[in-house]
Structures are given as C-alpha cells and as structure tokens.
Undergrad: 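Below is a structure I'd like to ask you about.
Just so you know, ligand 1 is whichever comes first in the structure, and atom 1 is the first atom listed for that ligand.
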Amino acid sequence: MLSDKSFPVIEATLPLVGSRIGEITPKFYARLFAAHPELLDGLFSRSNQRSGNQQQALAGSIAAFASHLVNNPDTLPETVLSRIAHRHASLGITEPQYQVVYEHLFAAIAEDLAEVITPEIAEAWTEVYWLMADALIKLEKGLYAAQANAKMWTPWKVAAKTPAGTGSMTFTLEPADDTPITAALPGQYVSVKVTLPDGLRQVRQYSLSGDAGTSRSFTTKLDDGGEVSPVLHNSVAVGDVIEISNPYGEITLKEGDGPVVLASAGIGCTPTASILRSLAESGSDRQVLVLHAESNLDSWALRSQMTDDVERLDGADLQLWLEQPEAGSNAGFMTLREVDLPANASLYLCGPLPFMKNIRNEAISAGIPATKIHYEVFGPDIWLAS
Ligand SMILES: Cc1cc2nc3c(=O)[nH]c(=O)nc-3n(C[C@H](O)[C@H](O)[C@H](O)COP(=O)(O)OP(=O)(O)OC[C@H]3O[C@@H](n4cnc5c(N)ncnc54)[C@H](O)[C@@H]3O)c2cc1C
Ligand code: HEM
C-alpha cells in the first residue's frame, strides 16, 4: 500500500509521468545497456528493443501499477504481477538486478522530467518502484523455490524435429544430463536459449505443446524476419543439445469439474493443445469445447494431436474457423456469436492480441465472468499498456 505521504503526490503526477513514460523508457534502456551491455547477451530480446515492444510493456506495467495503487489502495494487481514474475523467473532475473534497473530508470526519469521533478516526486515514485519490485522479488523467489533444481539452464537433446503444419516444427527433447526435472503444468512454457549466427545469445519462450509433466516438446512457427525461430528451424538438428529453463507460466488448467472452453488462433494452439492433452490423458469427464481459427487446414500446427484428443474425450467438441473454409468448418475469423457456450465455463485463450480482445469481449457479453477468462500473450504483454 502507498504511504499517506506519497499517495497525493502519485495521484497528482500520474498523468504527467504516464504521458512521459514512453520517452522515459527508451532513455532508461539506453542508460542500462550502456552500463551493462552483457544484459543484451542472453537476457533481453534484441528484437523487442528494436521494435519498442518491451519498452511499451514495461511502461504500461508501471503506469498500470501506479494507477492501481491510487484507485484500489488496499490491493495489488495480482494477475499482472504474477504474469511478469513468471516471465522474469523464466529468464533467471535476480534480486540485485532490481537495484541496477532502479538506478538507471530513476536517472532517466530525472533527465526527462528535469524541469518539474522535485525530491518529493522522486521519493514518491521510488516508493511505487520498490512496492512493485518487492512484490515481484517475493513472487520470483517462490517460483524458483518450487523448482526441482536450482539451475537456470539445463541441457536437453533434440530427440526429434517433426514438421507440424505449414511453417511450424515440433521439437521433442530428452534430458542430456541428470538434473532433476520439474513437472510442468499443462499450459506452461519454457525459455529456450540459442546462439545466433553473429554469436549473440538470445532467449525466447515456447509453450510446451504435448504432454506436460517431465517430458518436453514445443512447437514453433517460423518467423522469417525473427532471430531465434529461424535458428531453431534451420540450424538446430536432431542430436544437438540446447539449453532450456525450468517451466513457468500461470495460464494453466485450473482444478475443478466445470466446463472448459479452449479458444486459439494460429500457433496460439500450443498451450491449449497441451491442456487438451492433459484432459485426454486423465480421461476427464469435463465438458470441453475446442475452438480454433486458422488461415487453412494445412497450416494448423497441431491438427492431428488436437483432433485425436477431442475424439478420445466423450465430453469434447471441436469447432473450426478457416479463412479458406472446408466442409464442416466456419468461414473467416472466429466469433462466439453463434457458439453455444456451456454455462459456468472457464475460457483459456491464446492467439494474436486482436483475436483475444475480440473473443474476450464476446465471452464477457455472453456471460462468462472476466475472472474465468485466462489468456496467454506470445510476446511482451502490450495489452497491459492499452
Ligand atoms: C509465454 C510465451 C509462449 C510462447 N509460445 C510460443 C509457441 O508455443 N510457439 C511459437 O511459435 N511461439 C511462441 N511464443 C513466441 C516466441 O517466444 C517468439 O516470440 C517467436 O518464436 C518469434 O521469435 P523470433 O526470435 O523468431 O523473432 P524475433 O526476433 O523476436 O522477432 C519477432 C518479430 O519482430 C520483428 N522485428 C524485429 N526487429 C524489428 C524492428 N526493428 N521493428 C519492427 N519489427 C521488428 C521481426 O521481423 C519479427 O517478425 C511464445 C511467447 C511467449 C511470451
Ligand atoms: C519493478 C521492476 C520491473 C518491472 C515493473 C518490470 C516489468 C516487466 C514487464 C511488464 C515485462 C513484460 C512481461 C510480459 O508481458 O511477458 C518484463 C519483461 C522482462 N523484464 Fe522486467 N520488470 C522489472 C524489473 C526487471 C529487472 C530487474 C530485470 C533484469 C535486468 C528485468 C528484465 C526483463 C526481461 C529480460 C524481460 C523480457 C523482455 C525481453 O526479452 O525483451 N526486469 N518486465
């Protein structure tokens, strides 16, 4: 909770800082990487820095956190914090790094707001930063402690590389050493670290797409303009050893016996396919509705896995939306307007942001409470900033 002293200062300066944060964060990253160039090797994504996405995500989360503290003084935005903590833990962020980020962020704030900043304003925003940082540090410590090992990276051998629909590839891994393995929950992801042709190491997250538990397989869509997916598709070969993190991610199947709706578009089917697989493996009698959207049937990366699992479940149904429709599919983009959503359902969503925003709005209009809608974003969560 914000102190009585800082509360009015944050309330009064939120519009100003909020409006400048888009200028403050590039200054912050410039300072951070000038002082710590090693953070770009194997930690921050070079592409996110180039496109500005990460800056938008960080800016959005700080502004959202401050306005949450002002509007709901007695609570913390648990969902937002949990998402960031899982992402941070999958990257091995450590407590001392928060001090480093603090110093460079506040130097950037002081530079950008030089004409208006007072010691009182700096102190109040320092309090906001450490409230958020302390909450994240605590969550991240808990996430690290829950793992079966204390290692950030573990070597895994590529046992198979299987084409999965047009432009996608499933990587099946097996342990390359005897590090104890954390059982992953369906819907979770791992960070994957590769070395680029220019020698720089880069990390990306990939949802586990098959059985969760102690097995590891993930399915990637090739992004020709990207840095990591081309290396995975074109350079990493069967028999190679790659480094992956322990599993993280809070969008996992919640316990219960209520109906489950899994809605995905494109490569967003990876976490929903893993949830579906776990329901099929456990012989669940929950009602399951699988909704998937693709441009055409051939590009559906996990088509046979998902259709097989729907077949195995008595209570499961599948509906498809294809831009190039086939018999039995809907034409065009997914909409819930004609879908008979089960009462009391939980909705798990993954796909491009405009798709998820639209489906979430339609689900809420159809009576699914926001608290029962869970979404995974395949990139910095710029939804937070909007
Ligand atoms: C929790 C989570 C789970 C995920 N699960 C999966 C999964 O199961 N399967 C999957 O395929 N992906 C998944 N992703 C996405 C994955 O992590 C990568 O983002 C994706 O593979 C692209 O990585 P890349 O390195 O190939 O591309 P990047 O190098 O990250 O580039 C991404 C895009 O940015 C563009 N770009 C680069 N520089 C600029 C610039 N200056 N201006 C504008 N644009 C630019 C590139 O052209 C490219 O199109 C997941 C992401 C998260 C966060
Ligand atoms: C209070 C402090 C911090 C806040 C508010 C914050 C916020 C965020 C947010 C919102 C994201 C995007 C998460 C997502 O959408 O998945 C993110 C990602 C990330 N954060 Fe932080 N963060 C903080 C501290 C740190 C620290 C101390 C480090 C370590 C130097 C760090 C490194 C990263 C990295 C590497 C990513 C992934 C970004 C990428 O690969 O481009 N963060 N953070």
Undergrad: List ligand 2 atoms under 4.0 Å from I93, heavy atoms only on the residue side.
TA: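 Answer, ordered by atom number: 26 (C), 28 (C), 29 (C), 31 (C), 32 (C).
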Undergrad: With a heavy-atom distance limit of 4.0 Å, tell me whether Q97 approaches ligand 2 through its side chain, its backbone, both, or neither.
TA: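 Both of them.
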Undergrad: So R312 and E281, salt bridge (Lys or Arg N to Asp or Glu O under 4.0 Å) or not? Walk me through it.
TA: CA-CA 9 Å; R312 285 160 73 192; E281 288 288 306; 2.8 Å; yes
Undergrad: Y189 near ligand 1, heavy-atom distance under 4.0 Å?
TA: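 Under 4.0 Å: yes for Y189.
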Undergrad: Examine the proximity of ligand 1 to N48 and report which part, side chain or backbone, both or neither, has a heavy atom under 4.0 Å away.
TA: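 Near ligand 1, N48 shows nothing, with every heavy atom at 4.0 Å or more.
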Undergrad: Short list, please: which atoms of ligand 2 are under 4.0 Å from a heavy atom of L91?
TA: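 Here the atoms of ligand 2 in question are 34 (C), 35 (C), 36 (C), 37 (C).
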Undergrad: Taking both backbone and side-chain atoms of Y98, is any N or O found less than 3.5 Å from an N or O belonging to ligand 2?
TA: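 No, Y98 has no N/O under 3.5 Å of an N/O on ligand 2.
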Undergrad: Taking the six-membered ring for Trp, is the centroid-to-centroid distance between W321 and H292 below 6.0 Å?
TA: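 Distance test on ring centres: not under 6.0 Å, no.
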Undergrad: Does P230 have a heavy atom less than 4.0 Å from any atom of ligand 1?
TA: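 Per 4.0 Å heavy-atom rule, P230 contacts ligand 1.
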Undergrad: Would you indicate whether N71, at its atom CG, is surrounded by more than 12 heavy atoms from other residues, nucleotides or ligands within a distance under 6.0 Å?
TA: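 It does: N71 CG has more than 12 such atoms within range.
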Undergrad: Determine the minimum heavy-atom distance between P180 and A148, stating which atoms define it.
TA: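 Shortest heavy-atom contact: CB-O, 3.5 Å.
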Undergrad: Less than 6.0 angstrom separating the ring centers of F28 and H104, yes or no?
TA: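 So the answer is no for these two rings.
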Undergrad: Give a yes/no on ligand 1: does D224 have at least one heavy atom closer than 4.0 angstrom to it?
TA: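 D224: no contact with ligand 1 (<4.0 Å).
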Undergrad: For ligand 1, which atoms sit closer than 4.0 Å to a heavy atom of S47?
TA: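 By the 4.0 Å cutoff, the relevant atoms are 28 (P), 29 (O), 30 (O), 31 (O), 37 (C).
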Undergrad: Before signing off on this row, confirm whether R83 and ligand 2 have an N or O atom pair separated by under 3.5 Å.
TA: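 Right, the criterion is met.
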Undergrad: Answer yes or no: does atom NZ of K254 have more than 12 heavy-atom neighbours from other residues, nucleotides or ligands under 6.0 Å?
TA: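 Yes - once you tally the heavy atoms of other residues, nucleotides and ligands closer than 6.0 Å, there are more than 12.
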Undergrad: Check the surroundings of atom CD in Q99: do more than 12 heavy atoms from other residues, nucleotides or ligands lie under 6.0 Å from it?
TA: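 Atom CD in Q99 is packed in, count exceeds 12.
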Undergrad: Testing the 3.5 Å rule here: is there a donor-acceptor pair between the side chains of H86 and E250?
TA: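 Checked: H86/E250 side chains show no N/O donor-acceptor pair below 3.5 Å.
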Undergrad: Do Y206 and Y189 have ring centres separated by under 6.0 Å?
TA: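 No - the distance between ring centres of Y206 and Y189 does not fall below the 6.0 Å cut-off.
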Undergrad: Using a strict cut-off of 4.0 Å, indicate which atoms of ligand 1 neighbour a heavy atom of G225.
TA: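 Selected atoms, number and element: 46 (C), 47 (O), 48 (C).
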Undergrad: Would you mind running through ligand 1 and noting each atom that sits below 4.0 Å from a heavy atom of E227?
TA: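 Ligand 1 atoms under the 4.0 Å threshold to E227: 24 (P), 25 (O), 26 (O), 27 (O), 28 (P), 29 (O).
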Undergrad: Between T79 and S82, is the side chain to side chain donor-acceptor pair (under 3.5 Å) condition met? List the steps.
TA: CA-CA 5 Å; T79 313; S82 170; over 6 Å; no
Undergrad: Can you name the atoms of ligand 1, numbered from 1 with element, that are less than 4.0 Å from a heavy atom of V228?
TA: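 Per the distance check, 24 (P), 25 (O), 26 (O).
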Undergrad: Identify which of Q49, R83, Q205, K221 has a heavy atom lying nearest to atom 50 (C) of ligand 1.
TA: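 Result: the heavy atom closest to atom 50 (C) of ligand 1 is in Q205.
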Undergrad: Verify the neighbour count for atom CG of D257: are there more than 12 heavy atoms of other residues, nucleotides or ligands below 6.0 Å?
TA: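 Atom CG in D257 is not packed in, count stays at 12 or less.
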Undergrad: Hey, is I267 touching ligand 1 through its side chain, its backbone, both or neither, going by heavy atoms under 4.0 Å?
TA: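 Contact part for I267 vs ligand 1: side chain (C-beta onward).
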Undergrad: What part of S61, side chain, backbone, both or neither, has a heavy atom within less than 4.0 angstrom of ligand 2?
TA: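 Side chain only.
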Undergrad: Run Y102 and T126 through side chain to side chain donor-acceptor pair (under 3.5 Å) and show every step you take.
TA: CA-CA 8 Å; Y102 168 73; T126 295; 3.1 Å; yes
Undergrad: Could an N or O of ligand 1 be found under 3.5 Å from any N or O of T270, whether backbone or side chain?
TA: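 By distance alone, the answer is yes.
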Undergrad: Could you tell me which atoms of ligand 2, counted from 1 in the order shown, lie closer than 4.0 angstrom to a heavy atom of M132?
TA: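 Reading through ligand 2 atom by atom, the close ones are 5 (C).
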Undergrad: For atom 26 (O) of ligand 1, which candidate among S45, S207, G249, S229 provides the closest heavy atom?
TA: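 Selected option, by shortest heavy-atom distance: S229.
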Undergrad: Which of the atoms of ligand 2 are close to I84, meaning less than 4.0 Å from one of its heavy atoms?
TA: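 This gives 7 (C), 8 (C), 9 (C), 10 (C), 43 (N) as the contact atoms.
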Undergrad: For V377, take its heavy atoms, then give the atoms of ligand 1 lying under 4.0 Å from any of them.
TA: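 Answer for ligand 1: 52 (C), 53 (C).
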Undergrad: Counting only heavy atoms not in K157, do more than 12 sit closer than 6.0 Å to its NZ atom?
TA: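 No.
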Undergrad: Heavy atoms only: which of R46, Q205, H88 lies closest to atom 20 (N) of ligand 2?
TA: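 Among R46, Q205, H88, the closest heavy atom to atom 20 (N) of ligand 2 comes from H88.
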